[in-house]
Asker: 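Dumping the structure here so I can ask a few things about it.
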Amino acid sequence: MKHLKIAIHIFVFILLTVLTQIGGLIYLLSLLTHAWIEKSTTRKISAAALKILTFVFLYTACTCWLVPLLAEPFGRVPLPVKETDHLKPLTILTCVMNRHYVRPALKTAAVDAARSMHEKFPGTTVNYLDANFPFINKFPLLPHLSHNDGKKLDLAFCYRMSATNKDTNDCPSAIGYGVCEEPLPHEKNTAAFCAANGYWNYSVLTYIIPQKNKKMFSLDEGRTRELVQQLTAQKAIGKLFIEPHLIERLKLQSDKIRFHGCQAVRHDDHIHIQLK
Ligand SMILES: [Zn+2]
């Protein structure tokens with residue numbers, strides 16, 4: 001029984017660290033309160049509820065107040081949690097899990113691009129997806145290969161509602177990933193090329209993420225093209241990844257736009273930008 005308990009603690013520690021970076025440490029900290037909680041109540045259900053509440057309280061306090069303060073000396077700042085300058089997280093879970101930290105120059109570039117988008121297309125909000133964790137270079141933000149230094153950020157495409165053809169700031173995927181803008185028959189099919197060369201990982205998210213909203217949305221080519229252009233126009237941005245068939249379809253021209261390679265995942269569901 002004791003071994004099982006230790007195994008569960010280790011599993012929870014690893015899971016929380018992988019998902020949120022600081023969650024594992026806070027979980028260990030919350031274990032210090034367990035002896036006191038077990039003494040204060042004999043009911044098992046009350047003790048379990050108190051343990052969970054203690055962890056949630058400590059995690060929330062650290063995520064909201066302590067982490068942003070401590071991240072700054074590490075050269076990382078949080079992106080806006082609520083819509084600010086027309087930039088916001090697509091899902092609040094990104095911020096809850098501390099996956100919204102970037103270098104200050106990247107925040108400035110993203111905010112400037114979002115502001116320009118709103119000037120050109122009033123009502124448009126740019127949705128950001130995963131960025132980086134707050135601390136430690138080379139600490140991986142799974143499942144991303146490179147989001148480990150504060151220099152990387154993913155942004156959602158812009159969409160229209162298929163039924164009305166009206167602009168929307170929503171996305172077909174709740175997390176922004178995995179619902180892809182497939183290549184047309186005459187376009188370059190990079191996903192098929194990568195799969196044929198043994199890269200099973202390339203389209204893996206399309207099998208995990210529900211596709212039920214796919215038909216409700218269509219890619220807003222005009223606004224997505226403008227978003228890419230605004231991003232590549234930012235001096236601080238060194239590279240931008242988007243799927244090859246969309247480079248052609250949207251007639252994108254910038255030497256900052258590159259192909260990310262089959263070892264990554266496909267980029268016809270989001271844009272990846274990174275600092276020089
Ligand atoms: Zn990325």
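Remember, it's 1-based here, ligands and their atoms both numbered in the order they're listed. Heavy atoms only: backbone and side chains are in, while hydrogens, waters and symmetry mates are out.
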Asker: Test side-chain contact (heavy atoms from CB on, under 4.5 Å) on Lys214 and Glu182; report intermediate values, then the result.
Answerer: CA-CA 11 Å; Lys214 190 166 184 164; Glu182 303 286 345; 3.4 Å; yes
Asker: Report whether any nitrogen, oxygen or sulfur of His147 sits less than 2.8 Å from the Zn ion (ligand 1) (N, O or S, backbone or side chain).
Answerer: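 His147 does place an N, O or S atom closer than 2.8 Å to the Zn ion (ligand 1).
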Asker: Can you establish whether the number of heavy atoms outside Ile45 located under 6.0 Å from its atom CD1 is more than 12?
Answerer: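 Not more than 12 within 6.0 Å, no.
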Asker: Distance check below 2.8 Å: does His144 bring an N, O or S atom to the Zn ion (ligand 1)?
Answerer: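 Short answer: no, not a single N, O or S atom is under the cut-off.
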Asker: Please determine whether a side-chain nitrogen of the Lys or Arg among Asp269 and Arg266 lies less than 4.0 Å from a carboxylate oxygen of the Asp or Glu.
Answerer: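 No, no charged N to carboxylate O under 4.0 Å.
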Asker: Is any N, O or S atom of Asp154 under 2.8 Å away from the Zn ion (ligand 1)?
Answerer: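 Yes, Asp154 qualifies, because one of its backbone or side-chain N, O or S atoms lies under 2.8 Å.
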Asker: Find, among atoms of His272 that are N, O or S, the one nearest to the Zn ion (ligand 1), and state its name.
Answerer: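 Distance check against the Zn ion (ligand 1) picks out ND1 in His272.
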Asker: Take atom CZ of Phe193 as the centre, draw a 6.0 Å sphere, and report whether it contains more than 12 heavy atoms from other residues, nucleotides or ligands.
Answerer: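 For Phe193, atom CZ is not crowded (no more than 12 foreign heavy atoms under 6.0 Å).
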